[in-house]
Every structure is written in C-alpha cells, then in structure tokens.
Engineer: 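The structure's right below; bear with me while I get my questions together.
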Amino acid sequence: MSEEAPRGPLTSLPMIQLIVTPSKALVDEPVSILATGLPPLQVVTIKATLKDEKENLFQSRAFYKANEAGEVDLEQAAALGGDYVGVHPMGLFWSLKPKRPFQRLMKRDVMNSPFCITLDLYDSVRLKDSATIRPKASQTVQRWFVGPGVQRKQIREGRIRGALFLPPGEGPFPGIIDLFGIAGGLIEFRASLLASHGFAVLALAYFAYEGLPDKLLETDLEYFQEAADFLLAHPKIQQPGIGVISVCKGAEIGLAMACYLKQVVATVCINGPIAVSAIPLRYRDLVVPPSQLVPEHIQIHASGAIQFRSNISDPINRLNPQSILPVEKARGWILFIVGENDECLDSKAYAQAAMDQLQSHGRSNGRMLAYPGAGHLIEPPYSPCCFASWTFASAKPLLWGGDSIAHAAAQEHSWREIQKFFRQHLSPSGSKL
Amino acid sequence: MAKLIAAPLSALVDEPVHIQVTGLAPFQVVCLQASLNDEKGNMFVSKAYYKASEMGEVDLERDPSLGGDYMGVHPMGLFWSLKPEKLLSRLAKKDVNIPYQVHIELSEPHFPIKGIVVSPPMDSLTLERWYVAPGVTRIPVKEGLLRGALFLPPGEGPFPGVVDLFGSTGGLIEFRASLLASHGFAALALAYWGYDDLPSHLEKVDLEYFEEGVEFLLRHPKVLGPGVGVVSVCKGAEIGLSMAVNLKQIKATVLINGPNFVTTEPHVYQGQVNHPVPCNIEFENTNAFGFVEFYRTYEETADKDSKYCFPIEKAQGHFLFVVGEDDKNLNSKVHAHQATAQLMKSGKKNWTLLSYPGAGHLIEPPYAPLCSASRIPFVIPSICWGGEVVQHAAAQEDAWKEIQKFLRKHLLPDVGSQL
C-alpha cells in the first residue's frame, strides 16, 4: 500500500506510487519497476529486501533521480549509486546482499513457497534503514521456482536419491539430470526451473543425503548411469538419450558421464574441472586417478575468503595427465559455460583445454561460452551474484568471484543458451552425430 | 630437526624481522603461520607456504611464498597480511606500553577444511612487537581544553614537535605518536571528540582548540621551536590542512588521504566559519561484500571546483601529501592533485606528493595489516577503505620513511631547507 504524499493547501499533489509487475512470476522472469508521483528531479532510493527460509536478511538499494515528470522507470533510468550504477532493470534483484557477509541465497523448498521480495521507495537518499523514516510506497513480489502444473516426485529407486520434476501434460519431455557441486545434499532450484520450461529434470544427490555416503571418497559413475537409465525408463521421458546440466564438481561428473555413458547426448558443464580431481573416478573396471590440489597453491583474499583457483600460470600442465577426461570419446554434444573471473577454478583454461582436445581429435561436438567478468556461481537469471560464501566443508568462506554487472548479464545470456542447447539436441528431431 | 629462527625477537613494530627455517628435507614444502590476539581478544592470522632449498632451508629475505595470504618474496608478509577471524575487525593498538605478542608456527601444509586432523607444529616462537622504544615516556595531557597524550623520546632534547591527528573514529589513538617519539620526535596524540570530557559527537572543528595544542607543544621545555609539524590522516588531514592554512607555527604538514575542503562539520576560527561542502550520498557504491565506498560523493562539488577548497596557497609551511590510489573512502588522489595544482598556480613549491598505486585509505606505519573494510562508530553500514594487500604494504614502508625524512628536514634547524 503506498502512503499518500503530503498535499499542499491549494493544489492536490500526485500520490507517490511504486508499480512493480508482475507481482507473481517465475524467478527467472524479469520485473518492471516504475515509480511515479515524485517531485521532479528528486533523488530517491529504491530498496529491495528478502528474508530467506532461515530468516537471513538480504538487501539491495539504488539511488535514482526522478525525471521532469516525477517518474523513475527502471527500464530507462540509470542508477547513480548504491549496489549498482547504470541502467539495470533487474539490478535490485541480482545485487541483493546478505546482511551478514558470506551467506549465500539458496531456495530449499521450491514447491511450496516463493521468495518474497519487498521493494520500498523513499523520496530521499537513504543509505541506511531507519525506524522512524518509512518508505513512501512499497510493493512485494513473489518469485517462484516452479511454474503452474509442475510436479515434484521424491525419488528413492535402488541407490538413486533425488527429486524428479515433471512439466504439466502428457509428455514425453526431454530428460535432464541436474548435478550440483561440493555443497552436497540435494539442490533443486535449477531443476524445478528447467521443468517450468518444459524439461523433465532429475535433481540428483550423490553424497551427504539420505542413504548416500556422508563424504565423497570416490565418484562411482555407475550410480550416475543408474540415474540415466532410470530417467530413460520413465514413461514421460523422451528416448533415446538424456541431457546433463552440471556445475563445479558436478560438471566434472557431468563431463565424465558425457565421455563414458552413451545415454548422455547433451551435457552442459558450468565452471567445472576437465580432469578427475581430488578423489578417483570409478566406472566398472576403470579407475581414473585424480589430480591433486596442493595447499600451497591456494591464496587468501583480502577479505579472508579462500581462492582455490590455483595461482600458477599454467594450470593445465600441472594436471596429472592420467586424470584428464577423454572428452574426445563423448558421443553427445557438450556446452562449456565459463566465468572468466571464476576464483574457485581455472574454468576458462580447463574448458579451452577440453575444446582443444576435441579439435585435435577432429571432433566438433563441443562449444564454449566464456563470459568476461562472470564468476563461479553462474545460476539462473537475477540470482544475486555471490562473491564469496561459507561452504560446509571449509573453515573459511570460499571466493567465487564475479563482477556483479557482468555476472548478471552472463546469467541471463547463458540461461537462454542452455535451454536452446537442450531443445536442439534432446528433441526427437534434433541433430544427431 | 626443523628449526624456526627469527631475529630480533623483540623490536619496534615498524622494524623488520628476519625469519628463517633450517633442518628441513630438501625442497620440502612447509607452512608458516603468524597469529596475534588483539586487546579485545580478536585473533588475527596469516599463513604462507615456502619450499625449502636443496639444503633444507627457508629464508624469507630470499625465498618466495608459493601461496597463502601473499605470494612472492616478502620478508614481512606474515605481519602485514594478518587477517581477523572476526570479519571487519581492525587491528589498532590502544595501550601502547604493552607489546603485541606475535606467535609464529612452522608446520606441514594442510587444507583449510573443517575437521581435518592437523599434525602439531614442527617448531614455533613468539615475537614481541612494541609501539614504544626503550626510554620513551608517555605523559597524559589534560591542560585547559586539551585532551591527549604527549610522547617524548628519551634524553634531554629538545626534540622537533609534531601534532598527530587521526580521523573519524574519534577517541584517542596513540600508536603513531608513540612510534614517532621512538624515532626522535616529541609527538602529541591529540583527541578532539569522543574522549574523556570532549564532545561525544563532533559538531564543529574549532581551530582554536588545535592552536592550543600547538602552543602547548611549543611551550614544553623539551620541544624544539619555533614551529611544529602535523601528521594527520583522513578527517585528521582535513583539520591538519586547515591548521596549516591558518596557524603560522605549522612548518611541516603530512596529509595522508585527506580532503582539501571541509567535509561534514564546519570549521571555525576567530569568528570565521567555513561551511561543509555539499555532497551527494547517492554516489556511494556498495561493493561485492556489501561494504560502502564513499569516494565518489564529492564528484559534483569539491572534485570539480576548487572554489570549495581550502586556500592552501596561504599556508607558510611545507606539505607532504601521501595518497593511496586505491582509497575507496575518499577520492584522495583527486583531492591531493587539486591542492597541489592550487599551489603550483600560485607559484609555490612547498610540497611533495607521494602517490601509491594499490594503497588504500588506512596508510599506517609499516607492517600494519591491511584493513580493507571495517565498522566505525555511528556509521552504518560498514565502510570499505580499499587497498590491495601487497601494494598497500609497500606503500606503508616507503611512506613512513619519507614522513620522517620530511619532518626532520623541515623541523630540524639548518640542515635540510635548502637541499
């Protein structure tokens, strides 16, 4: 509800309003924000606030100058300062920052509740919150991780643990396995979003979850093959092959799946290693030894966060050659998505090396999208750029990197490309090798 | 047997320490970790990894760190890369008569992973880092309105006098004055708000208070006249510049990352009022960690037009500008260049500008850890000071030497002024 602006004795001043639409949408859909009824050329503050499922507070703000008509339209107006500068209609969303540094925003329950973001408009420059100064107008929007009709099914089949998200309708739908990284457990928000765009997606846990090992001591590719076979056996899932979307350690596994499993025909690897890392990979009789990271190659950032990206100039030559995944054996299509400012891994060097490996074997089934300024955690659009955060295993926060404006643009672009990639290579009439 | 050696074990905080390791296996990689508990019990830690020579030795004056809190050859890296366990804590010594204990440990490298079993250190030692040299005396100052502490070097003197001013944290900060006294200066650490019975909030800068401080110093039997110096940072430098313009006893002024105009409170002197320059808070930038950078806020006013600035050309003494080019709190480089341009325009050559790439706002005596962001009282949110660790450390070392040279040149009789 917007508050009424004070009215002069003779004239009736316009009411200050904040119009945010749509008020309920998928989290990857843009929102338009318009402030009206302001004094002409007034510098104002628009603030966004969100409380996550653990009641952690995330905030962002930007300062805008109203035009002659007393309006601020975020599609056109440039922020003067605050969490971002320039014309960024969704800037308040992707620049949300935790009140307590190093917390990461991540939705756990994707089915039953949205994130609620409250947008507040102040008719002055407000750098900090005040108990006495209230916003002139406010709107709250719901940001959902599932579209209407998407169903979630908890999966406990054989060894497999995860959650299967199915779009509404009969299908069949292109099937995708979704893998996250060293955080462990089951992370569902990307799978549920992809399902909202017409894919059948299995968010697959592989450790630190229900019946799975607490710690990852080796990567057993047969587990992932079981998951692939499970998907392909499902009546609502298209034959003859599935896709994989994967990030970080998940992308190492995703790439291994692409190399060794014929069921995998389209793989998206986001900021992942191209060699088996830290722990061995096992597939039937094959055991691939890992490349080891050494503590002395880690750097500590000024903030105290740890930069795992090795600080040496040639990370590829340091890899154990036996651990490098035989990407030339992959029969399907591979899309490498790389943040050039990834502070966790040498993602670009790795992806480039994999592309070179494909080329040297005369293969043309790989593609790399490299985003300057983007960091490690490339997520669906408008996700806040998380520069560093606590992870369960590390004693200190890990540095992910990313310059927020470039990172936000990378998230928007890559999400479209990922969906195009899957539609192209998973649809029955899609190109085959 | 692995052995950790450091010398001297007890020294002034701005003196280097030579750290070596012997008795390792050839080319063995080891971890050196430094830790310190500040007066509030906050722990500060740093670590670096070194590879032993073929003889099984590590010498920090010769060998590069492979990783950790810094890389490359940095004999004092463990000190200036110390980081707080509690984010946003700043290391600032309160009681300068008690040294910091810095604990150095030699151990096997390990990953910073929770629950990992760490083998006990191979060797360790503790260093004492002092803010006062032997024989330096501290005299609390409570005369007239003045509140502060006077530090005198040992001996009869007389010694060149310096007024030491800090910035927006308020209170009485003594550690730089005590170090200056350890190097032969009579240094008055002068508080101006938030201390004792001084105002709890700064409402105006009354130059007569600072003039009292200057006169107090000059009256002291152990202080050499006829003029004094000023060493000042941030808001202290705003005051230092104002003093230099108005008080003829100021012969040498060190301005570290300060504005050349009135910022938040008016300056008053002998009935004249100099009002704050308008500022645009909307030009602040919140960085990736949520800390606020204020350096753009005078872009439209003071940065553009020197009509807002102090008439520095009226000052009679000499100036040393110390600028951190990565200062995120103030646009220090622009302010200093504007001030020196004003001097040049008036045909004056009474200044030197030291500009340090990669250095942030809080340029302190050497080996002080970089504080790139912290909380200060009465200001929300947390403030980003800027600075890149390695370059900031180099700036601190160089600036400190230059500051002392500058003060001696212009405060000691005869030797320097015509060089």
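Bear in mind that the values here come from a model prediction, so they are computed numbers and not experimental data. When reading the values below, keep in mind they use all heavy atoms of this one structure, side chains included, and skip hydrogens, waters and symmetry mates. Chain A is the first sequence line, chain B the second, and so forth, proteins listed ahead of strands; every chain is numbered from 1.
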Engineer: Please flag which part of A/Ser404 lies under 4.5 Å from any non-hydrogen atom of chain B: side chain, backbone, both or neither.
Structural biologist: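 Interface part for A/Ser404: neither.
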Engineer: Pick whichever of A/Gly81, A/Cys386, A/Ala305 has the most heavy-atom pairs under 4.5 Å with chain B.
Structural biologist: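 Going by pairs under 4.5 Å, I would pick A/Gly81.
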Engineer: Taking the side chain as everything from C-beta on, heavy atoms only, tell me whether B/Trp80 gets closer than 4.5 Å to B/Leu370.
Structural biologist: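 Side-chain contact under 4.5 Å: no.
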Engineer: Could you check which of A/Thr45, A/Val85, A/Val294, A/Leu293 has the highest count of heavy-atom pairs closer than 4.5 Å to chain B?
Structural biologist: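 Of A/Thr45, A/Val85, A/Val294, A/Leu293, A/Leu293 has the most heavy-atom pairs under 4.5 Å with chain B.
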Engineer: For the residue pair A/Gln59 / A/Asp129, report whether a side-chain donor-acceptor contact shorter than 3.5 Å exists.
Structural biologist: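 Checked: A/Asp129/A/Gln59 side chains pair up, N/O donor to acceptor below 3.5 Å.
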Engineer: Please give me the minimum heavy-atom distance between B/His110 and B/Tyr49, naming the atom from each residue.
Structural biologist: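 Shortest heavy-atom contact: O-OH, 3.6 Å.
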Engineer: Find the one option among B/Leu88, B/Asn285, B/Val45 whose heavy-atom pairs under 4.5 Å with chain A are most numerous.
Structural biologist: B/Asn285
Engineer: Between A/Ala62, A/Ala79, A/Pro98, A/Ala302, which residue shows the highest count of heavy-atom pairs closer than 4.5 Å to chain B?
Structural biologist: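 Among A/Ala62, A/Ala79, A/Pro98, A/Ala302, the one with the most close pairs to chain B is A/Ala302.
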Engineer: Is there a donor in the side chain of A/Glu343 and an acceptor in the side chain of A/Gln307, or the other way round, less than 3.5 Å apart?
Structural biologist: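 Side-chain D/A pair, A/Glu343 to A/Gln307: present.
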Engineer: Under a 4.5 Å cut-off applied to non-hydrogen side-chain atoms, are B/Leu91 and B/Tyr100 in contact?
Structural biologist: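 In short, these two side chains touch, coming nearer than 4.5 Å.
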Engineer: Tell me, out of B/Pro109, B/Gly68, B/Gly290, B/Ser372, who's got the most heavy-atom pairs with chain A below 4.5 Å.
Structural biologist: B/Gly68
Engineer: Where on A/Ile306 is there a heavy atom nearer than 4.5 Å to chain B: the side chain, the backbone, both, or neither?
Structural biologist: side chain
Engineer: Heavy atoms only: give me the nearest A/Gly185-A/Tyr209 pair and the separation to one decimal.
Structural biologist: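 Heavy atoms only, the tightest pair is CA-CB, 4.0 Å.
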Engineer: Pick one of side chain, backbone, both or neither for A/Tyr64, based on which atoms fall under 4.5 Å of a heavy atom in chain B.
Structural biologist: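 No part of it gets close to chain B.
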Engineer: Do the side chain of A/Ser291 and the main chain of A/Asn320 share a donor and acceptor less than 3.5 angstrom apart?
Structural biologist: yes
Engineer: What's the shortest heavy-atom distance between A/Asn56 and A/Phe58, and which atoms?
Structural biologist: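 Heavy atoms only, the tightest pair is O-CD1, 3.6 Å.
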Engineer: Please classify the contact of B/Ile281 with chain A as side chain, backbone, both or neither, using a heavy-atom distance under 4.5 Å.
Structural biologist: both
Engineer: Determine the option with the most heavy-atom pairs under 4.5 angstrom with chain A, choosing from B/Lys51, B/Met71, B/Glu85, B/Glu282.
Structural biologist: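 Among the listed options, the one with the most contacts to chain A is B/Glu282.
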Engineer: What part of B/Asn287 is in contact with chain A, defined as an atom under 4.5 angstrom from a non-hydrogen atom: side chain, backbone, both or neither?
Structural biologist: backbone
Engineer: Name the member of A/Ser95, A/Ser303, A/Gly82, A/Pro101 that forms the most heavy-atom pairs with chain B at distances under 4.5 Å.
Structural biologist: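 Looking at each of A/Ser95, A/Ser303, A/Gly82, A/Pro101 in turn, A/Gly82 comes out on top.
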